[in-house]
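One structure is given here, and the rest of the page talks about it.
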Amino acid sequence: MTAAVPPRGTDRFDLTGRTAVVTGAARGLGRSFAVGLAEAGADVVLVDLPGADGVAETAAAVEALGRRSWTYGQDLADIEALAGFVDTVRAETGPLHILVNNAGTAALERFNEITPASWSHIMRVNVDAVFFLSQRIAEHMTADGVAGRIITITSKNALVAEAGLAHYNASKAAAQLLTETLAVELAPHGITANTLAPGMVETPIDGEFPFDREAFESAYRERIPLGRYAQPDECVGALLLLASDAGAYLTGARLVVDGGVLADQMPRMRFMPPYRNTV
Ligand SMILES: NC(=O)c1ccc[n+]([C@@H]2O[C@H](COP(=O)([O-])OP(=O)(O)OC[C@H]3O[C@@H](n4cnc5c(N)ncnc54)[C@H](O)[C@@H]3O)[C@@H](O)[C@H]2O)c1
């Protein structure tokens, strides 16, 4: 038997023959991730809330690329149901190679207004579901002999505080450390676990704004070195790196895709005159 030839060039990103699970696939980043994985050759399992608007559109976009899709309505906050849910998915779709823990939820609430219900809902979706889905899918990956990929979508808020989001910030920081721990525990099985931390992306996640959204967004843009929010598709390249053979040696890493926000913590740049070419 000849040894497999490692892929070269852009073939390193080829996902043909692999099946990816994307949570929160009905809209926003989840839809872009599902379609991006399909463009790279993967079949895609789409998970969102039962009856979520938009999931059929994501499925149609995946299938238009000639890839298979399966759609599941599952409330990820129902932690006790997740092991059985994963078993059903595995039985119906075959081996699972990639898990994208993308579904997430946020609420803009001052720390003193956060109720136990709001705190625990955000923790269940952003932390508990990430853990228990990853746990069961990793069990299937090892049973199937799959050197799988787990990618958890965190946020720049896993790394810096943002007012009005105490529960969300804490949940994303927890998701970071739980993913790093998975990286260590799953390494002997060839499974990698990494996080992708977006900055500000144009999606519906923030829902209702309790203040002037336009003023907020324009103030925020001033804090982004690239000067604009990301489009969801602009996070897909980073995801494909973590999902494919190109990222085989990346584990326990965090890939920040934030237009430079975290790099720019000091105000000097805002006072400096524009850059002039000196050559
Ligand atoms: N948009 C941003 O600026 C931004 C920035 C940093 C991180 N993120 C993270 O990226 C991920 C995707 O964000 P988005 O902006 O695309 O959000 P979004 O609100 O547009 O989409 C999230 C999807 O997850 C689904 N979902 C929510 N709760 C669920 C549950 N209990 N069970 C099943 N599905 C559920 C929603 O129905 C929705 O389709 C989230 O984890 C979010 O925290 C987003």
Side-chain angles (χ1 to χ4, degrees), residues 21-36 45-59 71-82 85-86 89 99-108 117-118 120-134 151-160 162 164-165 167-176 178-179 195-209 213 216-217 220-221 223-224 226 228-236 238-239 254-259 261-262:
V21 177
V22 180
T23 66
R27 65 183 201 190
L29 281 162
R31 176 179 293 169
S32 287
F33 290 149
V35 174
V45 177
L46 309 169
V47 183
D48 211 296
L49 287 167
D53 282 345
V55 76
E57 262 177 73
T58 310
T71 296
Y72 292 92
Q74 172 66 47
D75 182 353
L76 299 171
D78 184 0
I79 304 308
E80 289 70 23
L82 293 183
F85 168 64
V86 170
V89 172
L99 168 62
V100 185
N101 285 309
N102 165 78
T105 192
L108 271 170
S118 167
S120 70
H121 180 66
I122 287 181
M123 289 298 163
R124 280 177 93 80
V125 178
N126 295 2
V127 184
D128 302 14
V130 168
F131 181 76
F132 288 105
L133 264 189
S134 303
I151 301 131
T152 301
I153 310 307
T154 55
S155 169
K156 65 172 181 4
N157 295 41
L159 305 159
V160 292
E162 184 170 355
L165 292 166
H167 36 20
Y168 181 77
N169 300 338
S171 76
K172 293 298 184 179
Q176 176 64 41
L178 85 78
T179 306
T195 60
L196 191 167
M200 290 300 267
V201 188
E202 251 182 60
T203 74
I205 193 169
D206 284 326
E208 291 298 305
F209 249 57
R213 183 165 193 149
F216 168 77
E217 289 187 357
Y220 208 103
R221 271 193 297 277
R223 296 293 315 270
I224 306 174
L226 284 184
R228 61 182 177 81
Y229 281 39
Q231 292 303 311
D233 275 358
E234 293 181 292
C235 294
V236 170
L239 182 85
R254 60 173 90 113
L255 204 40
V256 178
V257 184
D258 72 347
V261 172
L262 291 189

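Order of listing sets the numbers, starting from 1, for every ligand and every atom in it. Reckoned from all heavy atoms, side chains included, excluding hydrogens, waters and symmetry mates.
- Put simply, no part of Tyr229 is less than 4.0 Å from ligand 1, judged by heavy atoms.
- The closest donor-acceptor contact from the side chain of Asn157 to the backbone of Glu162 lies at 3.5 Å or more, if one exists at all.
- Residue Ala26 approaches ligand 1 through these ligand atoms, each under 4.0 Å from one of its heavy atoms: 39 (O).
- Applying the 4.0 Å criterion to heavy atoms of Gly104 picks out, from ligand 1, the atoms 27 (C), 40 (C), 41 (O).
- Residue Val125 holds the heavy atom nearest to atom 28 (N) of ligand 1 of all those in Asn102, Val125, Leu196, Asp78.
- Here's the thing with Gly30: none of its N/O atoms is less than 3.5 angstrom from an N/O atom of ligand 1.
- Side chains of Thr195 and Leu255 form no contact here, defined as non-hydrogen atoms less than 4.5 Å apart.
- Shown here for Ile122 and Ser171, the closest heavy-atom pair between the two residues is CG2-OG, 3.9 Å.
- Those atoms of ligand 1 that come under 4.0 Å of a heavy atom in Met200, given as number and element, are 3 (O).
- With a heavy-atom cut-off of 4.0 Å, Pro198 touches ligand 1 through backbone and side chain alike.
- Between Leu76 and ligand 1, an N or O atom pair is found at a separation short of 3.5 Å.
- Ligand 1 has no N or O atom lying under 3.5 Å from any N or O atom of Thr105, backbone or side chain.
- Of the N or O atoms in Leu29, one or more lie within a sub-3.5 Å distance of an N or O in ligand 1.
- For the ligand labelled ligand 1, residue Arg31 lies outside the 4.0 Å heavy-atom shell.
- Within the structure, ligand 1 lacks Thr23 among the residues with a heavy atom less than 4.0 angstrom away.
- When only interatomic distances are considered, the shortest N/O to N/O separation between Tyr168 and ligand 1 falls below 3.5 Å.
- With sequence neighbours left out, the salt bridge (Lys or Arg N to Asp or Glu O under 4.0 Å) criterion links Arg124 to Glu80.
- When Asp48, Val55, Val130 are checked for heavy-atom proximity to atom 37 (O) of ligand 1, Asp48 turns out nearest.
- Contact annotation: the side chain of Val45 never approaches that of Val22 to less than 4.5 Å [non-hydrogen atoms, C-beta and beyond].
- At distances below 3.5 Å, at least one donor-acceptor pair connects side-chain atoms of Glu234 with backbone N or O atoms of Gln231.
- No donor-acceptor contact under 3.5 angstrom links the side chains of Asn102 and Thr23, judged on distance only.
- At least one heavy atom of Gly199 sits closer than 4.0 Å to an atom of ligand 1.
- Short contacts between ligand 1 and Gln74, defined as distances under 4.0 Å to a heavy atom of the residue, involve ligand atoms 32 (N), 33 (C).
- Residue contact check for ligand 1: Thr154 places a non-hydrogen atom closer than 4.0 Å to it.
- Ligand 1 has a nitrogen or oxygen under 3.5 angstrom from a nitrogen or oxygen of Arg27.
- Taking a 4.0 Å cut-off on heavy atoms, Ala106 fails to register as neighbouring ligand 1.
- Side-chain contact check for Thr58 and Arg31: at least one donor-acceptor pair (N or O, by modelled atom type) lies under 3.5 Å.
- The shortest distance between side-chain heavy atoms of Leu99 and Ile151 does not fall below 4.5 Å.
- The residue from Val236, Leu196, Leu239 that alone fulfils the side-chain contact (heavy atoms from CB on, under 4.5 Å) condition with Val257 is Leu196.
- Close to ligand 1: Lys172, with a non-hydrogen atom less than 4.0 angstrom away.
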Stepwise, does the side-chain contact (heavy atoms from CB on, under 4.5 Å) test hold for Asn101 with Ile153?
-> CA-CA 6 Å; Asn101 285 309; Ile153 310 307; 6.0 Å; no

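- Atoms of ligand 1 lying under 4.0 Å from any heavy atom of Ile153, numbered from 1 in the order shown and given with element: 9 (C), 10 (O), 11 (C), 41 (O).
- A pairwise comparison of heavy atoms in Lys172 and Ser155 identifies CG-CB, 4.0 Å as the closest pair.
- Counting heavy atoms from C-beta outward, Asn126 and Tyr168 have side chains that approach closer than 4.5 Å.
- For ligand 1, the atoms closer than 4.0 angstrom to any heavy atom of Ala77 are 31 (N).
- Which of Pro232, Gly24, Gly73 comes nearest to atom 24 (O) of ligand 1 through a heavy atom is settled by distance: it is Gly24.
- Taking Phe85 as the reference, Tyr72 meet the ring pair (Phe, Tyr, Trp, His ring centres under 6.0 Å) condition, with sequence neighbours excluded.
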